[in-house]
Every structure is written in C-alpha cells, then in structure tokens.
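Read the structure below first, then the notes.
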Protein chains: 2
Amino acid sequence: MKPKLTLKKIAKELDVSISTVSKALRDSPEIGEETREKIKAFAKHYNYKPNNIALSLKNRKTKTIGIIIPEIVHHFFTTVISGVEKVANEMGYNVFVCLSDNSFDKEVLNMEMLANGSTDGFILSLAKETMQKGDYHHLIEAINQGMPLVLFDRVVENIACDKVIIDDVAGAKKAVQHLYDIGCRKIALISTVDYVSVGKLRTKGYKESLEENGLVYNEDLVLKVEEMEDSEAEISEFLKDKDVDGVFAVNEHFAISAIKAIQEQGKKVPEDVSVIGFTDGELSKRFIPSLTTVSQHGMRIGEESARLLIEKLERTPTEEDYYKTIIVETGLVVRNSTKSKK
Amino acid sequence: MKPKLTLKKIAKELDVSISTVSKALRDSPEIGEETREKIKAFAKHYNYKPNNIALSLKNRKTKTIGIIIPEIVHHFFTTVISGVEKVANEMGYNVFVCLSDNSFDKEVLNMEMLANGSTDGFILSLAKETMQKGDYHHLIEAINQGMPLVLFDRVVENIACDKVIIDDVAGAKKAVQHLYDIGCRKIALISTVDYVSVGKLRTKGYKESLEENGLVYNEDLVLKVEEMEDSEAEISEFLKDKDVDGVFAVNEHFAISAIKAIQEQGKKVPEDVSVIGFTDGELSKRFIPSLTTVSQHGMRIGEESARLLIEKLERTPTEEDYYKTIIVETGLVVRNSTKSKK
DNA sequence: TACTGCGACGAAAACGTTTTCGTGTTGAAA
DNA sequence: TTTCAACACGAAAACGTTTTCGTCGCAGTA
C-alpha cells in the first residue's frame, strides 16, 4: 500500500538533499558521521531498497542474464538451468528463464525482449523450428548490438559466439561401443530427424562405431522419428519383428518406448535385447529396468556457459575478442537395461 | 558493436527534437506527415527498438510478471509455468521464472530482486523450508509495498492475497475411494511430513475417506517420509511384510518407490496390491505399470494464477480490494497400477 | 491592421539513481 | 585581519523514454 520509498522521499523527510542521501547510504566519506548515521538508520527502519530499474538505466547494465531454452520438460535443460544459476549467483548475477517452446517466433520474441535492456547477455539453446528454418538473423543482430551470447547443446556452426557443447559423436560412440562390448552385433539406432544437430551427430557416432568394430551400417536398422507425439507408436512399429540384440536411442523417451515395444513382443530387456539411451534424467533412473545411458552433465554445461558469458560481460571492451567452444565430456552410466559384460 | 540506437541519436541525425521523434514513432497527429514518414523510415532502416528499462522507469510498470517455484524437476511445476506463460503472453506480459530450490533464503532473495522494479507482480509456490520455518514476512512486505501476489499449490492461510489451489482433501478422497471401490480394504498412506500443507491435507482426505467407508484409521499403515533423498529406502522398509492391498502415495515418486518395494517382495501390482499416486507427470505415464493418479491440471492452475494476477495489475487502485481463492478440480486418471473394478 | 486559431514543432519535467562539480561555512595559518 | 584548506553538503547532469505545455509562424477573419 505504501508507494515505495525513494531517495527523494528520504531526502524530503530528513530535510537534506538527494545526493546527500545517496552518498550516505553508500558510505561516502564526504558526508558527516552524524548525518550519515541518521540517514542510514532511517533507511533501514523504513526498509529502503534501491530501485533496480533506475539503477539499470543509470549503469547501463542489469546484472542479469537470460537463458532461453526450447522446452522445460526435458530434465536435461532443468539441470543446465541449475548450473547457470549456481555460478551466476556466485558472481552476483540474477537469472531469468524464458521458454521458446521450440517455436521460432517465440524465440525471436524472447530475444528481443531480453535484448532491449532487460539483461546484459544471454545463454541459449536453439528451438527445433529455428534449426529447421536455418534462420539465425536474430542471433546475429543481438551480437551486433553488443549483447554477448553463449549457445549450448543445440548450436549452429558459423555464428560468432561462445559455445558449450558435448561431444555428441564421441558420446554416441561410447554407447555403441558398450553395446558391442557386451556382445551385441545387430544394433539398431533410434534418432531424431537430421536438422536437429544432436540427432545428426549421434547418428554419425553410431556409424563410426559400427565401422570401427567391423559391423556394417544398415539403413533398415535406423529410425528417424519425426513427431515427438507419436514416437511411441512409430518406434513400436519399427521394432516389430526386427532382429536386433541392441538398441541405441538418442534420448530417454525413445529408449523407454523401445523397451516397451520389445517387451510387448515377448522379449526381455536386457536378456534378449540391450537398450541404451542418451541424457540421464529422472526417467532413466527410475524406470524398470533402469536405463543405461550416456550422461550429459547438464549442470556442468550450465556452469561453463554462465562462466563464459560473465567473463565476456566483465571484460573491458578494448580487449581482444575471440570465441571459445567448450566441450563437456560425456559419461556412461551403466544400469540394468544392458547386459553385463561377459 | 554499434552502441544501440536511441531517440536522441535519431533526433540529432535528422536534426529534429527528441520529442518530435518520439511522437512521430507513436504516430502522433501532432507531427506533419512528411517529417513523420522520414523519421519512421529512418528508425525502421536502422532497426530502432525502444529501451525497455527506460520505458519501465517512466511508466512505473514493466509488463512483466515473475514466477518463483521451489523446484523445476517436478513435472507439475513445469506445466504450471506453461499455463502462466500462455495467458501472460496473450495479455502482452512477459514471464520470468526463478527458482528457490526449496530454500528460504533464496526465496527471499528472489522476491527482493523481483520486487525492486523488475516485475509488476508475482506468482509463487512456497519453498519447503519456508513452510517449515513459518516465516512469511517477505510476502507481507511485498504486499504492503503494493506488489500483487498470487500463491499457488503450496500456500499458507492468513496472507492477504489471491490463491489458486487444488482441493487436496477431495483429491485424496477420490483416490482412496477408488481403491475402496476396486475392493481394497487395507489401504496404506505414504505422505510427506505435515508442515508441507499438501501432505497434511491429503492425509486428512485419506482419513475422511476411510471413515466414510467404515474403515478404521491405523497409524501402522501410515508413513510420513522425511527426506526426499532416502525416500526409496524408507518406503521399502515401511512396506516390508506389511499386509496391505492398496497404497495411496501423495506424489508419483513415492508411488513408484512403493511399486518397486512391492515387486521386490515378490508381490504383483496391481494383482496383489493396487497403487495410486498424486500428480500426473511424465513418470506416471511411462512407468510400467503406468500409474493411476490424481491429476492436478497444472496448466489450468497456471492459467488461473496469471489471470488473477493480471486482473489485479490492470485494475485501477481505487477499486475495492478483496481476495479470491480459486480451487481447481482434480481428476482421476485410471491406468494400470490399480485393479479394474470388479 | 489587429486579432484569432491552428498546424508543426521544441523545451522541459518526470521516473529513481549516481556522480561530478560546485558552494558555503568553518577553523587555522600567515 | 586576511587567506586558504578542509569539511559538509547541494545542484545538476546523465541514463532513455513519454507527455504536457509552450512557442512560433502563418493564414483567415473582422
């Protein structure tokens, strides 16, 4: 109900000037001890808090970073957020999360919104629609305007900014290699359509690992799921009567759908077919059988992204500009959806 | 690289005054057509976008609402966010998401941050630690300062603000009634500690439903889980050799832990024991057996919350102030973790 | 000619800060 | 007594907008 205390009101109340109040509160030696204490006591008593907006306008910086993610249901993204928050808070920054819902328009809108003063820079994982369109003008514009940008996970090559990614190829190879090691020889791949960079790269890793182990790549064993919504039916159809002993899925949802399909055919996981996923989420941990997965260390990705961004923010603009790409190692978490080594 | 176009720069460039530029861009009839077109063309060409911070400062409103949630891993909260975003965007508002990580301090920090100009109001679900402490001074302060506040899900009684909740008691009764209807007579409850309001209320519903059906409340059949981390072990211990034919768990994690424990004892779900959860998340849908749950309609909760908040924001302050509590109906989603009716 | 009215634009205040640069009052040194 | 620091404080600009209220010139009217 009280209309917020300002410097001006304090000044009026205590019959001093605004500048005196400001200086007193910031412990300037310019102000006499008596006045200073009086002002500070008053401010404390009435719980004065400086107006952030005014500060931002004055300083031309907001001490805030934005993170735009395509969807929030993926556990991976939530861990990234945690990582970003962690280091941002340590460095005195606040974090605003925005969702693009995988929509190009919403991504652009969010960026414009954040770029017009609300934040000092942002961290972004591209929306699926954006990658499909291949339209990155909004990124370039932001960069040109001097907004630092860090891309993570779903990135695109020729944009001049820092990037934090995992080695999808290596991760996929790790997964397929593990399947090979436990004896699988007929290994299927369930991936996403190719314009999602991770789908493409993980497919590449799958191929390479097959080759390295002397297996041949067989198109019949590869499914590229189009629609997330119908993925379950599509996967079930794909696996029907297929002679496989291992499945590598590029995310945990696909992996679970695969397990269900396999069980419905009367086969057992992992005895008859071993299944391995990507992204270590809640589902992977708690499903029965629990899933062997390639873990992405979302937390670390978030931390690195935030570190890169803040580093850039706090550098004097005269320093040389160059861009880094940080690759965060993947790990392999072995659980019960794959046979044990023989 | 270019230091952002401002009204002042446009004015200088075109040799008119700042006010003229501002008016021209807002299509004021005060400005002659020729000048107006010239200015608009220039602005468009150089992609002028007004500075949000300056606007916020001037208008004393940000057209932004904040939502603070305790944790992001619960699918329920993510659906609430979606709901909030949906109606907020429709009404021309932006949404900032902040996490309290269930920590009291972080909740207070987030609120102060958001209250100092960044947002016009917020939507909040209380952190566990806050409810445990019972310290709500930060809420009261915010309200006193004229920041509208909407609480959802984890609310507290005597705070003067709008609230959006589900009828936890009724939802719990629905669940237990369903167990009764399919023939269960020895029904266990797995709940949280009582200071989490939902735990308390759902326990109440459990009791009431037992009574209504002529069953007696038996403390031995009730577990209040203390630590989320060790919940699995705790639940397993609790169910050991316990003679039950139905389990009502107040969230999906507990429900799944219960199913695991039951299966480990060599019993079958749902043949020997029926299990029902609360909150309809990803896990419930995809677990095997899929979970029968009480669904909370997070999307609608988010929508209602945003609607309430914006309504309050756009009302002239002279109008009468009173507070609503909206109760969103729960639904029962019957899946495979409960027997079918006989 | 003198007044009125209007079209087209500019000056300035305001939002809440911080900060630079005064300015007036002391007390002490010369 | 004069001069000069030191001290304690205030005025004002600046950040980027919007908006109210001029002001100026000119055409139309009496």
Side-chain angles (χ1 to χ4, degrees), chain A residues 2-40 42-43 46-64 112-113 115-120 145-146, chain B residues 2-40 42-43 46-64 112-113 115-120 145-146:
Chain A
K2 301 173 189 168
K4 256 296 203 193
L5 202 52
T6 69
L7 287 187
K8 196 195 282 192
K9 287 178 196 154
I10 299 182
K12 195 171 182 183
E13 206 67 35
L14 263 48
D15 207 37
V16 292
S17 79
I18 297 181
S19 12
T20 305
V21 179
S22 174
K23 286 171 192 162
L25 292 178
R26 322 196 92 239
D27 273 327
S28 157
E30 251 185 288
I31 305 299
E33 182 149 5
E34 197 184 347
T35 331
R36 204 191 321 155
E37 287 312 320
K38 186 178 62 178
I39 293 175
K40 289 179 78 170
F42 186 92
Y46 290 104
N47 192 31
Y48 168 77
K49 292 272 166 48
N51 180 314
N52 266 330
I53 296 279
L55 279 179
S56 299
L57 182 59
K58 181 112 236 308
N59 303 330
R60 268 107 131 266
K61 60 174 69 170
T62 61
K63 279 281 187 179
T64 299
E112 286 183 349
M113 152 91 206
N116 285 327
S118 306
T119 56
D120 297 339
Q145 299 202 345
Chain B
K2 300 173 189 169
K4 257 295 201 191
L5 202 51
T6 71
L7 288 187
K8 197 194 281 192
K9 286 178 197 154
I10 300 182
K12 196 170 182 183
E13 205 66 34
L14 263 47
D15 207 35
V16 291
S17 79
I18 296 181
S19 13
T20 304
V21 178
S22 174
K23 286 172 193 163
L25 292 179
R26 321 195 95 239
D27 273 326
S28 156
E30 250 185 288
I31 305 299
E33 180 149 6
E34 197 184 347
T35 331
R36 204 191 321 155
E37 288 311 320
K38 186 178 65 178
I39 293 175
K40 289 178 78 170
F42 186 92
Y46 289 104
N47 191 32
Y48 168 77
K49 292 273 166 47
N51 180 313
N52 266 331
I53 296 277
L55 279 180
S56 300
L57 182 58
K58 179 110 236 311
N59 303 331
R60 268 108 131 264
K61 59 174 72 171
T62 61
K63 279 283 186 177
T64 298
E112 286 183 349
M113 153 89 206
N116 285 328
S118 307
T119 56
D120 298 338
Q145 299 202 345

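Numbered from 1 within each chain, the chains take letters A, B, ... in sequence-line order.
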*Looking at residues at least two apart in the chain, or sitting in another chain, which of them share a side-chain hydrogen bond (donor to acceptor under 3.5 Å, both in side chains) with A:Asn116?*
B:Lys4

*Within the structure shown, what part of the strands sits under 4.0 Å from A:Thr35 by heavy-atom distance: base, sugar-phosphate, or nothing?*
sugar-phosphate

*With sequence neighbours excluded, what pairs up with B:Lys49 under the salt bridge (Lys or Arg N to Asp or Glu O under 4.0 Å) test?*
A:Glu112

*Go through the structure and list residues passing ring pair (Phe, Tyr, Trp, His ring centres under 6.0 Å) with A:Tyr48, not counting sequence neighbours.*
none

_Partner residues of B:Leu57 under the side chain to side chain contact (heavy atoms under 4.5 Å, CB included) criterion, sequence neighbours left out_ = A:Ile53, A:Ala54, A:Leu57

*How long is the line joining NZ of A:Lys63 and P of D:dC15, in whole Å?*
21 Å

*State which residues pass side chain to side chain contact (heavy atoms under 4.5 Å, CB included) with B:Glu30; sequence neighbours excluded, sorted by chain then number.*
B:Lys23, B:Ser28

*Could you state the CG-P distance from B:Asp15 to C:dC9, rounded to the nearest angstrom?*
12 Å

*Which residues share a side chain to side chain contact (heavy atoms under 4.5 Å, CB included) with B:Lys40, sequence neighbours left out*: B:Leu25, B:Asp27, B:Arg36

Please tabulate, for side-chain N and O atoms in residues 11-22 of chain B, each donor-acceptor pair with protein atoms closer than 3.5 Å (sequence neighbours left out).
residue, atom, partner, partner atom, Å
B:Ser17, OG, B:Ser19, N, 3.4
B:Ser17, OG, B:Ser19, OG, 3.2
B:Ser17, OG, B:Thr20, N, 3.2
B:Ser17, OG, B:Thr20, OG1, 2.9

_Each nucleotide in nucleotides 16-23 of chain D should get exactly one letter: B, S or -. Can you fill that in based on protein heavy atoms under 4.0 Å?_
BBBBBB--

*Please give the angle, rounded to 10 degrees, between the axes at the start and the end of the helix from C:dT1-D:dA30 to C:dA30-D:dT1, where five pairs define each axis.*
90°

_Distance, rounded to the nearest Å, where B:Ile53 contributes CD1 and C:dA14 contributes P_ = 22 Å

*Does some side-chain heavy atom of A:Lys61 sit less than 4.5 Å from a side-chain heavy atom of A:Ser56?*
no

